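One structure below.
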Amino acid sequence: MAQRTDRAASFGQNLYLDTRGAAGKPAPFTAAVVNGLAAGGGLYVPQELPTMTVEEIAALASLPYAERAATVYKAFNIDLSDSTIDELMSRAYGENFDDAAVCPITSLDESTHILELWHGPTSAFKDMALQCLPHFFSASAAKLRDEGALDHEFMILVATSGDTGKAALEGFSGVDGVSIGVLFPDGGVSDIQRKQMVTTTGDNVRVWAVRGNFDDCQTGVKRAFSDAAFAEKLAEECSVALSSANSINWGRLLPQVVYYISSYAELIAQGKIAAGDEIDICVPTGNFGNILAAWYAKQIGVPVGMLLCASNDNRVLTDFINTGTYDISDREFILTSSPSMDILVSSNLERQLFELTGRNAEAISQWMADLSERRCFRVDPETFARVRESFSADSIDNATCLTTIKKVHDEHGYLLDPHTAVAYAAAQNLRGENPVLIASTAHWAKFGDNVYRALHGLEPGEPLPEEVAALTGCQLNERIAQEAERSDIPAGLANLDTMEVRFTEVIDNDVEAIESAAEAFLRR
């Protein structure tokens, strides 16, 4: 597809702003990626968004997925050459995915389409970004070193509610000049998710369980990032700087924008919609990055009507979208059947509000300060009106999540994971006349215990039958597959019982414990 921009003459023009206005001079894409978080705690967003016509979007369907992704990155005018972008995308999206389409679409009926984002090596949607980000991170760092703007290595520090951790470990394992440490809530992820992380191979990886919940992990990591004394110590004594592979990094978010643009092209190519038809997109949402990517796709030119935000019992985003108040001051953190969404502090909402306020960094800084200090903020009426123009939201409780898995399997012969079940149920409650694209964020076999409960009519949290409870996660998945007549357990999940457990350390959730663990890892 022809580019409308003379990129060779335009490098550096599309710089990246800081949502809190504290980082000073805007940064190029390469610096935004390696920095992860902007100085002062804000998040990077591009100064300019490209625009694509429906005809240009539809034309993407004739390209392999890697070329679709390269086309979008070039449209964003990132400061890497066309040939570099092409090469990196060909590495990111190839035989590491178990489907040539990379993220195929399964239609349950003529107006309900499931976007399967879990065909990568760790069977979760995070692979869509984290098979891409490490390549662009490494290339960005190399470019900055060549320019004399960089003279150190990096430690990627990641807080995960389950899926990001393994996807980041898989993506960064063996990458030169980068170490990666992942923190997950002890007891707060599925058995399969835990085994995926603690069996990771590679000399540059480390995994810690953390006493507490995901928000404790995420808050501790953010505080480590904003600790100037710790940064200075790492720089002087280890020649290392911290960076992020969480969705606070723009390099994580941009690949997600790609798959929504690509999916619209695919729906046209499959005859599911006509070019120009509006679709609604429903996303199971915890940290708000995945649904924010859909919003950006809409701004670029995808004909999206409403963005349907699906929450579980931790319904802070649903309440915010419905009231304009974000309040976690007295909100209980609930462990649910969809643990990757068990989040109360949704980091990417900051980017969304920055965009909806007309990029008002002062307002964002005040709201984020209120959230940190008072655990609550309320947006102004104009911003709330803009939220309501694009978003509607619903929360799905644990019991409905499980009954939805069984209902969809009984009616369509299709097995949802609990997170996708939350999105499916919310979509049925919120949808209007438009076709709905539902983001399916994980393979069902990552959450076999709750899928088993669903298919057997057990209540959320109800103990599994004794003989079932005695099974490992892999064995349980085999049993479910036999009962449901499935043969689609990915090899990376089926073989976990044979993998060596390498990481068993459990640490406290305060910033001192996290910094101490990270430093010990770097000095190994």
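Keep in mind the model is a prediction, meaning the values are calculated, not measured.
- The ring of Y260 has its center no closer than 6.0 angstrom to the ring center of Y296.
- Of the N and O atoms on the side chains of E116 and T106, at least one donor lies less than 3.5 Å from an acceptor on the other residue.
- Under the salt bridge (Lys or Arg N to Asp or Glu O under 4.0 Å) criterion, R431 pairs with no residue, sequence neighbours left out.
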Check: Passes side chain to side chain contact (heavy atoms under 4.5 Å, CB included), I279 versus Y264? Steps please.
Finding: CA-CA 8 Å; I279 63 170; Y264 189 83; 4.0 Å; yes
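- Ring geometry for F391 against F288 counts as tilted: the plane angle lies between 30° and 60°, on a 0 to 90° scale.
- Residue pairs meeting the salt bridge (Lys or Arg N to Asp or Glu O under 4.0 Å) criterion with at least one partner in residues 118-132, sequence neighbours excluded, do not occur; the list is empty.
- Checked against N314 for a side chain to side chain contact (heavy atoms under 4.5 Å, CB included), the options D342, D215, I328 give a single hit: D342.
- Going from atom OG1 of T122 over to atom NZ of K446 covers 4.5 Å, rounded to the nearest 0.5 Å.
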**Message:** Walk me through whether F137 and F172 qualify under ring-ring contact (aromatic ring centres under 6.0 Å, His included).
**Reply:** CA-CA 10 Å; F137 189 100; F172 280 98; 5.8 Å; yes
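- Sequence neighbours left out, not one pair with a member in residues 395-414 passes ring-ring contact (aromatic ring centres under 6.0 Å, His included).
- Among I281, T285, V283, N348, the one residue that satisfies the side chain to side chain contact (heavy atoms under 4.5 Å, CB included) test with N290 is V283.
- Residues F447 and H419 bring their aromatic ring centres within 6.0 Å.
- The neighbour count for D109 CG, taken as heavy atoms of other residues, nucleotides or ligands under 6.0 Å away, is above 12.
- For R486, the CZ atom sits in a packed shell: over 12 heavy atoms of surrounding residues, nucleotides or ligands are nearer than 6.0 Å.
- In the displayed structure, K407 atom NZ is contacted under 6.0 Å by at most 12 heavy atoms of other residues, nucleotides or ligands.
- Note: F136 and F29 have perpendicular aromatic rings, judged against thresholds of 30 and 60 degrees for the angle between ring planes.
- Ring geometry for H456 versus Y452: interplanar angle under 30°, hence parallel rather than tilted (30 to 60°).
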